[in-house]
2 protein chains.
Amino acid sequence: MNYHEGKHKFIQAWGTLGSSWGINKVMAQIHALLLISPKSLTTDDIMEELKISRGNANMNIHALMDWGIVEKELIVGERKDHYRAGKDIWELARQVSRERRKREIEPILKVLGKVQSVTGKSDEVKEFKTVTSDLKDFSSKIDGALDKFTRSDKNWFFKMLLKL
Amino acid sequence: MNYHEGKHKFIQAWGTLGSSWGINKVMAQIHALLLISPKSLTTDDIMEELKISRGNANMNIHALMDWGIVEKELIVGERKDHYRAGKDIWELARQVSRERRKREIEPILKVLGKVQSVTGKSDEVKEFKTVTSDLKDFSSKIDGALDKFTRSDKNWFFKMLLKL
DNA sequence: TTTTATTTTCAATAAATTTTGAAAATAAAG
DNA sequence: CTTTATTTTCAAAATTTATTGAAAATAAAA
């Protein structure tokens, strides 16, 4: 397979995967592009590679920076901003976990905590409290494990995965 | 908090969470509704509770059955089909993992395998092969861990989570 | 300061996804 | 077999989400 084809396949696949996990396709594609690029890229590079508008490129680059998985790199003597993605996959997974935990797990835990205060003793209320409580317990455990993971040492994590 | 309000909050929150994980909002809401319901529900029950059309209800109920997290329950003497969701959260997580692994991780692993055959020795190609290879290694490890998880015993899993 | 390059914003537009509702298909009852 | 209830399908409509492109803002150079 030639490079051009492989690159295209990878960027497409990464975009599709992103979509099915609630991440905007172009955002995932820009990330894929930066991941495999040996040098940092400008907005114009990204626009051209992915055939997207300036506004779209700019917004998604910023979303990636908000997620903490892409950063600006200032190149001396160059006017344009350059962007690059970290190449360490474990670091990437850690950062994504950190963000999703903050953005999604914590809010749902908050709701599950609140609805525990529902009053009544009908079957419906009993079932509601049991299920939401179980859900809260489970989510808390996952939350704790993710917290541990995002703070853990790379080697420890890989050893643990293997031992699993 | 009264039951009605709690129920509403929970269903809304579950729908929102679903959305940010690539799951259709109504699908997640139907699941939430069945989760907290002490008895199985008909399509009409679901339509009324969530104020959605018959077609919408039917399609999403079927999607939930395809995911293996909702099942039909035949009630003797009743014409209408009844549906129920399993109440065991661990079982739910296991089933969701199983499905996402099959639907999403396996396809990306396949692509990552294929693009490894890219030829050339430029910096770009080198970077491409390194990153996609790292990504494949990492994904395989996660895939393996998920496989283990979906086959494991509940108690073993909880003990492991705690030990973590 | 003025000019030029670059980035950011955002209203308008386009695209993708979801939802509806009614017709067709299926299944149970009479 | 005929009637009635229920489920399924799917084209059209509605809604949501993503994208464009150009104007405004910002930043660097002259």
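Letters A, B, ... are given to chains in the order of the sequence lines, protein chains preceding strands, and every chain is numbered from 1.
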Stretch residues 46-85 of chain B: residues that reach within less than 4.0 Å of DNA chain D through a heavy atom: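 Heavy-atom contacts with DNA chain D come from R54(B), G55(B), N58(B), M59(B), H62(B), R79(B), K80(B), D81(B).
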Salt bridge (Lys or Arg N to Asp or Glu O under 4.0 Å) partners of residues 111-129 of chain A, not counting sequence neighbours, each pair once: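 Salt bridge (Lys or Arg N to Asp or Glu O under 4.0 Å) check on residues 111-129 of chain A returns E127(A)-K87(B).
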D143(A) and S140(A): side chain donor to acceptor below 3.5 Å: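 There is no such pair (donor and acceptor under 3.5 Å, judged by atom type) between the side chains of D143(A) and S140(A).
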Under 6.0 Å from the [atom1] atom of [X], do we count more than 12 heavy atoms belonging to anything else shown?
X: H8(B); atom1: NE2; result: no
X: K141(B); atom1: NZ; result: yes
X: E48(A); atom1: CD; result: no

Round to the nearest Å and state the distance from [X] atom [atom1] to [N] atom [atom2].
X: D44(B); N: dA5(D); atom1: CG; atom2: P; value: 13 Å
X: N24(B); N: dT16(D); atom1: CG; atom2: C1'; value: 12 Å
X: K25(A); N: dT20(D); atom1: NZ; atom2: C1'; value: 15 Å

